Amino acid sequence: MEYNFRDIEEKWQKKWAEKEPFKAENDSDKPKYYVLDMFPYPSGAGLHVGHPLGYIASDIYARYKRHKGFNVLHPQGYDSFGLPAEQYAIQTGQHPAITTEENIKTYRRQLDQLGFSFDWSREVRTSDPNYYKWTQWIFIQLFNSWYNNDSDKAEAIEDLVARFEKEGNSKINAACDDDTPTFSAEEWKQFSEADKQRILLKYRLTYLADAEVNWVPALGTVLANDEIVNGVSERGGHPVIRKKMTQWMMRITAYAQRLLDGLDTIDWPQPLKDIQENWIGRSEGAEVQFRIQNSEFRISVFTTRPDTIFGASFMTLAPEHELVEKITTPEQKAEVEAYVEATAKRSERDRMADVKTISGVFTGAYAKHPFTKEPIPIWIGDYVLAGYGTGAVMSVPCGDQRDYDFAKHFGIDIPNIFEGVDISEEAFADKANTVIANSDFLNGLNYQEAIRKVIDELEKIGQGKGKINYRLRDAVFSRQRYWGEPFPVYYDADGLPQMLDEEHLPLKLPEVEKYLPTETGEPPLGNATHWAWDTKNNKVVSNDLVTLSAVEGSDKDNGIYPLELNTMPGWAGSSQYFNRYMDPHNDEEIFSQEAIAYWQDVDLYIGGSEHATGHLLYSRFWQKFMFDKGYVPKPEFAKKLINQGMITGTSAFVYRTKPSLIISNKYEHDNRKSFHDLLEKIPDIFITKNYIEKNFKIERKVNFAKGKFPEIKEIWNSFNEYSLNLDSEGLLFEIHKLHADVSLVNSSDELDIEAFKKWQPEYKDAVFILEDGSIYDRNSPLEGGERGVYKVGREVEKMSKSKYNVVNPDDIVEDYGADSLRLYEMFLGPLEQSKPWNTAGITGVHSFLKKLWKLYSSLEGGVDSEPTKESLKTLHKTIKKVEEDIENFSFNTSVSTFMICVNELTAQKCTSREILEPLAILVSPYAPHIAEELWEKLGHSESIAYAPFPKFEEKYLVESTKEYPISFNGKMRFKMELPTDMDREAIEEAVMAHEQTAKYLEGRTPKKVIVVPGKIVNIVG
RNA sequence: GCCGAAGUGGCGGAACUGGUAGACGCGCUGGAUUCAAAAUCCAGUGGUAGCAAUACCGUGUGGGUUCGAUUCCCACCUUCGGUACCA
């Protein structure tokens, strides 16, 4: 019987859907194992062959663990809030929920057809109110918490209030805003309730703040730092500007050190840990206060080189620094204001683009050096960033290249404080070889000694202390968008944020007419007519009922307040979903304590490394918070993580040209117009790949008049009704590389020209120069005769719709089946590595499956036989290798092993059930449909999914002889079959006695003979 | 610039802790089957020289350690990813 993959796969997918064999129980005698995929954002484009790679790997591992007797949790869901559905809504008016629902249907169909063993009964969707109820709930928990640096964990805000009442805040070591005022217990008690709330906001783990944010005008929203790439938005590539706005923030910086330390406890890829480590960016140094002359203000700076403090010859503030306007002298005022304004106008990208340009302005003010008491001029310059450290630096030109360049540019002193170092050309930043000079009490000390000493001295005079600074910023948590989680927040009579009571969650997303910002520039939720909170009846009511009580007096307060108009960012919903899967239908709690106590954490998490500084960092942060609050037992949510590599596409390129300019005096005036008319009529020419490679450099202008390119000339001359002499007139043209859809190209890189024209109608009249030099145009006969071909260029690129190199898994499944696709994706190469897709190669694994199928056909007639020694050896070496490979996530090599195994068993004409049954189990994680079918044919009525994994037995592999490679000076020359138990001396004797040995020695006596028993013999001559 | 990963046939890749480089598959070449094609099967396939046995050269480049290096050490080149005036 033939291998009919379509029927087989349909049959088993139906059975799995009906019987739900992969449903995990929250209680079991078996050990637990939790395999998690990063849940997808259901985009409108559906899956391409790159997407399932990680899912296939995790599914193999999950199925393997079931064979190994584990109770496996392998859930799947959707990260279904997000920008694309909302952008689509803006364009079409279609509600994002509808778009999302449709996309999810497509995803589900595509996932189902690949035979994944997901427990769909646990599906979550971040946009489902029953799910985001708990996202809102966590937000409230964060709001009600502060970070105690002494206990090094999050604690309840009531405890903080109790301490304020007892001792004020001066002794409390908390993570809080820099501008938090100091107060005593008495003062605290005097504060109004509103003032108390304002102060508490400076301590809460989620808080409102005026922050410099990344504003994307094109999207009408702010984005977090990790959503900005090269100064433009990650999605859409829109420009970003800095803007000060009141936003919800997450105090992730409180956890900076723990996020760093935790990395040592988890088995995640080192590159990913490095990325997080760089992102957190810990640096040790000191904070130093500089007094300002004739002023009460002090400038605080952070430096990693306090040892160079005597080399500070000026100070630089970021243009946004709050002291700038306060200290600038009247004479400098105009200049400074102009500079500040100019900097604010420049976009982030502009600022990044010209790092080289040095700019700055003197404020007119002077600071006082803490030790020498000398005056130090204070400048502002945009090379100092407002967002890092204190937004101010002490500039030591002799030790820092940027300070050096700035000083040189503005003619500021560059005192040298290093012994025996020439700084006439550049700054000296080599810490290891530093000996301090011209620095009073630091003279003669090295870097480390000097740092210790200077920090001591600074502490003595109360102008500084050792400090650890982090690059990590608090995360902006507000988005001015519609399609996200609403904040469970309303604003009271004082305009202060108040949390809804937990029992009234979820606060559901309201309906709006338009998904765009309001006319007054409010977020889209401002368009909702019912978006106010009635605190008496605890429900959402019409906006019209809101009383402006703050203005009209509290007696008019009817308890109805406006709700927050921002929504939460994309990462909110994905920061705890892995825990929610443990108990996804619980309406009382985010998850029951029984469920989390059983499942604990994720054992294996597979997903892309692009989430390193977003999802994976925020999730670790929330997990640590949940750990502090005692909701989860582990401070890290995933023990092991693997980044699957990207499957890249093989793009196809066509080469288009058109003449662009005549460089001749003769045609300067009148004829120029006729040339442009001519241009309209001249067709595009597409030139085949080899012609291009021989003659052109792409994207470079080519002078036409040099007597070259007769084919191109011929075509253009045929349209030359204006009698332009193309031969002599120096016509320039450029070759442009254009993507062609890969489906229009066959495996020999030949373009289907007619299909291409149909696909891009603007080129329907184009002319093609073919490989054999012939010309193909509208008048060319399509059929008959030998025609040349048009060959495309090929390049490996990221698979994406815009590059027309996307391969759809639906087509592959249709042609070869899901098992073939699964095997092939694994066979392509190591999981972590990026590798190009090439559909042609799939025939290899497909014919493997056919051979496998054939191997079992003998059993249909009830034929069975004792296994031969060879077959047992083949089986057991396969068991050993496959088991090792799966444990090491080396799935590509086990597919090879299967092929070798089946080739060997076929050669051995194996018809033994004792071999074929275990083999079916080995294959089952990789190709589950065919394995189930074969298992059934072997007479089993239960699914193969829980059949115990075959046990490897060494005894079948033991050999009595070994074929030794015999090498001379490291070069293998011949082989010798010798008993495995032969000792060193006997082997040497046997080898030396061999006739071939004499031949290769050519009469010389060997200097040395190296015998490694069981491995190799090397004769050194 | 800094941090990280990787460079092996025409292509994807294999080679366990230093021990027969190129497993397995694609592609290609020749053959069988077929009216023909697809499918299937058999043989060959790193390069150079040779009818051949065989020899020499070969894991980005240059050096080193070793009886022996794709594997270890040093320097460099290239590609990809992260980050970027981080004080």
Side-chain angles (χ1 to χ4, degrees), chain A residues 2 229-231 269-279 281-283 285 301-305 308 316 351-352 354-358 381-385 387-396 399-403 405-406 429 469-472 609-610 612-613 643 645-646 648 650 747-748 796 823-824 827-830 832-848 850-851 854 881 884 888 890 892-900 903 963-975 1006-1012 1014-1021:
Chain A
E2 215 171 283
V229 179
N230 292 328
Q270 193 55 42
L272 192 140
K273 289 185 183 182
D274 291 342
I275 291 171
Q276 291 207 344
E277 204 176 308
N278 288 339
W279 189 260
R282 176 192 156 107
S283 54
V301 303
F302 173 75
T303 176
T304 54
R305 297 296 304 272
T308 64
T316 316
R351 249 173 106 163
M352 282 167 70
D354 66 14
V355 171
K356 296 265 149 56
T357 319
I358 294 164
D382 68 0
Y383 82 96
V384 176
L385 305 176
Y388 182 77
T390 61
V393 299
M394 64 172 208
S395 301
V396 183
D400 183 287
Q401 194 57 43
R402 292 157 303 177
D403 295 343
D405 295 341
F406 193 90
N469 192 53
Y470 298 91
R471 201 191 79 121
L472 185 70
S609 61
E610 68 272 20
T613 53
N643 291 129
M646 196 172 37
T648 47
T650 314
S747 57
S748 308
V796 169
L823 277 173
Y824 188 52
F827 185 62
L828 235 35
E832 296 93 333
Q833 199 173 300
S834 112
K835 54 242 158 189
W837 179 264
N838 173 19
T839 303
I842 201 171
T843 55
V845 293
H846 188 64
S847 56
F848 156 74
K850 284 197 236 173
K851 283 185 216 165
K854 225 168 134 187
K881 178 80 172 129
E884 280 170 8
N888 293 322
S890 176
N892 54 326
T893 49
S894 43
V895 178
S896 301
T897 306
F898 289 139
M899 290 174 170
I900 295 168
N903 288 345
E963 198 172 41
Y964 278 91
I966 313 297
S967 48
F968 291 77
N969 296 321
K971 268 183 195 146
M972 206 281 288
R973 292 302 181 179
F974 65 93
K975 288 174 191 170
K1007 285 195 191 117
K1008 210 183 200 179
V1009 179
I1010 287 141
V1011 178
V1012 185
K1015 286 248 156 99
I1016 199 171
V1017 177
N1018 190 19
I1019 299 166
V1020 189

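We name chains A, B, ... by the order of the sequence lines, and we start the count at 1 in each one. The figures here come from the full heavy-atom set of this structure, side chains too, leaving out hydrogens, waters and symmetry mates. Predicted, not measured: the structure shown is a model, and the values here were computed from it.
- Closest to the A:Tyr383 side chain, of the nucleotides B:G19, B:G13, B:C85, is B:C85.
- With rounding to whole Å, A:Gln276 atom CD is found 20 Å from B:G81 atom P.
- Distance from the side chain of A:Asp382 is smallest to B:C85 among B:C85, B:A55, B:G13.
- Atoms NZ (A:Lys971) and P (B:A55) sit 10 Å apart, rounded to a whole Å.
- Using modelled atom types, no side-chain atom of A:Tyr470 and backbone atom of A:Ser283 make a donor-acceptor pair closer than 3.5 Å.
- At the heavy-atom level, A:Lys1007 lies nowhere under 4.0 Å from the strands shown.
- Across every non-hydrogen atom of A:Pro836 and A:Thr648, the tightest pair is CA-OG1, 3.1 Å.
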Taking Watson-Crick and G-U wobble contacts under 3.5 angstrom, with | marking pairs to another strand and [ ] crossing pairs, the secondary structure of RNA chain B is written (((((((..(((......[....)))((((((.......))))))((((....))))..(((((..]....))))))))))))....

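- In this structure, A:Ile966 places its CD1 atom 17 Å from P of B:G19, rounding to the nearest Å.
- The aromatic rings of A:Phe898 and A:Phe848 lie parallel to each other, their planes meeting at an angle below 30°, with 60° marking the opposite boundary.
- Here the side chains of A:Leu828 and A:Trp837 are in contact, with some heavy-atom distance below 4.5 Å.
- Taking 90° from 0 as the syn/anti boundary, the base of B:G9 is oriented syn.
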Between the protein and nucleotides 61-69 of chain B, which nitrogen or oxygen pairs come in under 3.5 angstrom?
unit_1: B:C67; atom_1: O2'; unit_2: A:Asn1018; atom_2: ND2; d: 3.2
unit_1: B:C67; atom_1: O2; unit_2: A:Asn1018; atom_2: ND2; d: 2.5

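- A:Gln833 comes within contact range of the sugar-phosphate backbone alone, with a heavy-atom separation under 4.0 Å but no base atom that close.
- If you check every strand for non-hydrogen atoms under 4.0 Å, A:Arg973 touches sugar and phosphate atoms only.
- The two residues A:Phe827 and A:Ser896 come nearest to each other via the heavy atoms CE1-OG, 3.6 Å.
- A straight line from CD of A:Glu610 to P of B:G82 spans 9 Å, rounded to a whole angstrom.
- At B:U83, none of the side-chain N or O atoms of A:Arg471 fall inside 4.0 Å of OP1 or OP2 (strictly under the cut-off).
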TODO: Go through the steps to decide whether A:Tyr964 and A:Val1011 satisfy the test side-chain contact (heavy atoms from CB on, under 4.5 Å), and finish with yes or no.
DONE: CA-CA 10 Å; A:Tyr964 278 91; A:Val1011 178; 5.6 Å; no

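- Nearest heavy-atom pair, A:Thr316 versus A:Ser395, reported as atom, atom and distance to 0.1 Å: OG1-OG, 2.9 Å.
- Panel note: side chain A:Lys835, backbone A:Pro830; a donor-acceptor pair is recorded below 3.5 Å.
- In this structure, A:Asp405 places its CG atom 16 Å from P of B:G1, rounding to the nearest Å.
- Between B:C86 and A:Arg402, a contact under 4.0 Å exists linking OP1 or OP2 to a side-chain N or O.
- Contact between the side-chain N/O atoms of A:Lys273 and the OP1/OP2 oxygens of B:G82 is not found at any separation under 4.0 Å.
- In this structure, A:Phe974 atom CZ and B:A55 atom C1' are separated by 17 Å, rounded to whole Å.
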Scoring nucleotides 22-32 of chain B by protein non-hydrogen atoms under 4.0 Å (B base, S sugar-phosphate only, - none) yields -BBSS------

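- Of all nucleotides listed (B:U83, B:G4, B:G82), B:G82 comes nearest to the side chain of A:Ile275.
- Across B:A87, B:G12, B:U20, the shortest atom-to-atom separation from the side chain of A:Val384 is found for B:A87.
- Closest to the side chain of A:Pro271, from the set B:G4, B:C86, B:G19, is B:G4.
- A:Val301 and A:Thr390 get closest at one heavy-atom pair: CA-OG1, 3.3 Å.
- Atoms CZ (A:Phe968) and C1' (B:G19) sit 16 Å apart, rounded to a whole Å.
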